[in-house]
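Values reported hereafter were calculated over all heavy atoms of this structure, with side chains retained and with hydrogens, waters and symmetry mates removed. One-based numbering, in listed order, for ligands and for the atoms of each.
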Amino acid sequence: MKLRTTLAAAALVTGSLGAQAQYNSLWIPDTLSGTTFNLYMKDTFVQFLTGNQTITAGINGAFWGPTLIFQKGDTVHMNVHNNLNDSTTLHWHGMHLPAVMDGGPHQIIPPGTEWQPYWKVTNTASTFWYHPHLNMETEAQIASGLGGFIIVRDSEESALTLPRTYGVDDIPLVLTSRSFDASNAFTTFSPYGDYMLTNGTMNAKTSLPKQYVRFRILNAELERGYNLGFSDNRTFYIIGTDGGLVDAPVAVTRVKILPGERTEFAVSFAGDAEGDSLDLMAYNSGLEFGFPGSEPSTSGAFGSLLNNTNFKVLHIYVSAATSGAVSSLPTTLTTNTYLTAADATVSRTLKVTDGVPGEGIGFRFDSTDFIMDTINKYVQLNTVEKWSVTNSNVFGHSFHIHDIQFKIISRSSGTIPSYEDGWKDTYYLHVNETVSFVTRFNDYADPLHPFMYHCHMAPHEDGGLMGQFVVDSATTGVAKTTESAPDLTLYPNPAKGTVFVSTSMQAYYITITNAVGHTMLMLPRPNLMKGIDVRNFAPGTYYLTFTDDKTKQSYTRQFVKYADL
Ligand code: C2O
Ligand code: CU
């Protein structure tokens, strides 16, 4: 991965401080595709400013990770290596998958451990992302640079005449901002950064061809929202929301996007002259009370040089059209069939409340603390539910729920903006607003592993604005029977390259620890036929803990890894 160009700190602040902008070329994350993905999370550093490097963390890189390209229908296998000095998790935001593969706060990966979730991609073509989700440490780990895009492709989207050449006319943009202290370290626990980082690039510029260009925007901020538009107020066309294409392109000049949300739009540069330039801007000045980043302060706990200002997200130079340029957009993209309120057989309400009543300190759902081993909601598999989330406190929030995509059916503040009239997993919950959505909880029941719902502003999530639900079915209940002497043997033992598990039980989970209790490998629902690859293990004694799918009882067996001759 390329390091960002060094530049003088004084040149970083454009506009308000009058300094001349020095642009740096926009970094585009590498892509990984296929069905096996090797991800290495590690502590590292980036030269953001002159002087000291900034300590960061990255996935296969130095700040932010590769873009994973999935094909709908494929089963994808993830080999997640935690080479950080801390425990972590890796969550696949927006993906519909079994809870045990979800990478939420319960699927902790200790340092030095490999986690191997896998699932069948059933989401339709859209833009998703992955990021750590460790309880109370999500802000710190996302702030350090851990995360990446997921692009799902499918045959329906591929058949449309849309820009689709990654990095050429299909541009992923991850929006975030950071502040630095005197020694160039990221300022910890500052929700609003002073400097815009677009794909991790400060003062980003890029050349884009004279034709329709697609942007896949992700707000990966800790807290700030963006009110995006172009510097000449040109019209652009929303083609997709969090979870898929909209029925038809939606013409807009502004789109608001809060932490965790994605939006895909197409914009035409065909009418621009080669060499012209314009800016993708955040029009964040003068926004409504409660919009994150509308605070007037430039310093202090919620201060930032970018607060309540209009600032550049990307400086664009128009270049020659490419061959195969898209010159017009399809008028129909897809035909979505949405659930309606009438389909729902269960209705739930959730209220965002103050953690300390009346004082606006900390936020809660229904005045209830988030506790890792308390399940807040039980959902029956295949049920269509209507959730109504009310915000009765002093600040806006970004509501997100795992496992499913939903359709917003009402906003008490007024109408549903046309740019969010599609499949969503995250939305802006304004002050004094109730938002209702409808969804179906299908496919994956698991009484043991919950899914999360929370505010996607990391400080709020870490502070306790989070809850959890399990999806259960009549047939997945945990049986109370205990097998006293289950058939469970490991062979060959001692083993060299592969350990096989012989049992009549089905595996729910396998964990392998070494002789001093350090977790080496975590395998949700492993395929026992393939055996377990222990080639990279040092010679020695190991313990394999097997959790039975039916009873959820765990059994431990010892095996020895031979030295290779
Ligand atoms: Cu993007 Cu619960 O997460
Ligand atoms: Cu919040």
Chemist: Just to be sure I understand the site: which N, O or S atoms from the protein are less than 2.8 Å away from atom 2 (Cu) of ligand 1?
Modeler: His133 NE2, His402 NE2, His454 NE2
Chemist: Please confirm whether the ring centroid of His460 lies under 6.0 Å from the ring centroid of His454.
Modeler: no
Chemist: Tyr283 ring centre to Arg254 NZ or CZ under 6.0 Å, with the angle to the axis within 45°?
Modeler: yes
Chemist: If you measure from the Lys or Arg side-chain nitrogens to the Asp or Glu carboxylate oxygens, is any gap between Arg164 and Asp170 under 4.0 Å?
Modeler: no
Chemist: Can you spot which of His456, His402, His93, His106 makes a ring pair (Phe, Tyr, Trp, His ring centres under 6.0 Å) with His133?
Modeler: His402
Chemist: Side chain to side chain contact (heavy atoms under 4.5 Å, CB included), that's the test. Do Tyr192 and Glu223 meet it? Break it down for me.
Modeler: CA-CA 6 Å; Tyr192 302 128; Glu223 192 154 336; 3.6 Å; yes
Chemist: What angle sits at the Cu ion (ligand 2) between ND1 of His460 and ND1 of His397, to 10°?
Modeler: 100°
Chemist: Could you tell me which N, O or S atom of His131 is nearest to atom 1 (Cu) of ligand 1?
Modeler: NE2
Chemist: Tell me whether the guanidinium CZ or amine NZ of Lys407 lies under 6.0 angstrom from the six-membered ring centre of Phe437 and within 45° of its axis.
Modeler: no
Chemist: Between Phe363 and His397, what is the ring plane arrangement, given parallel below 30°, perpendicular above 60°, and tilted in between?
Modeler: perpendicular
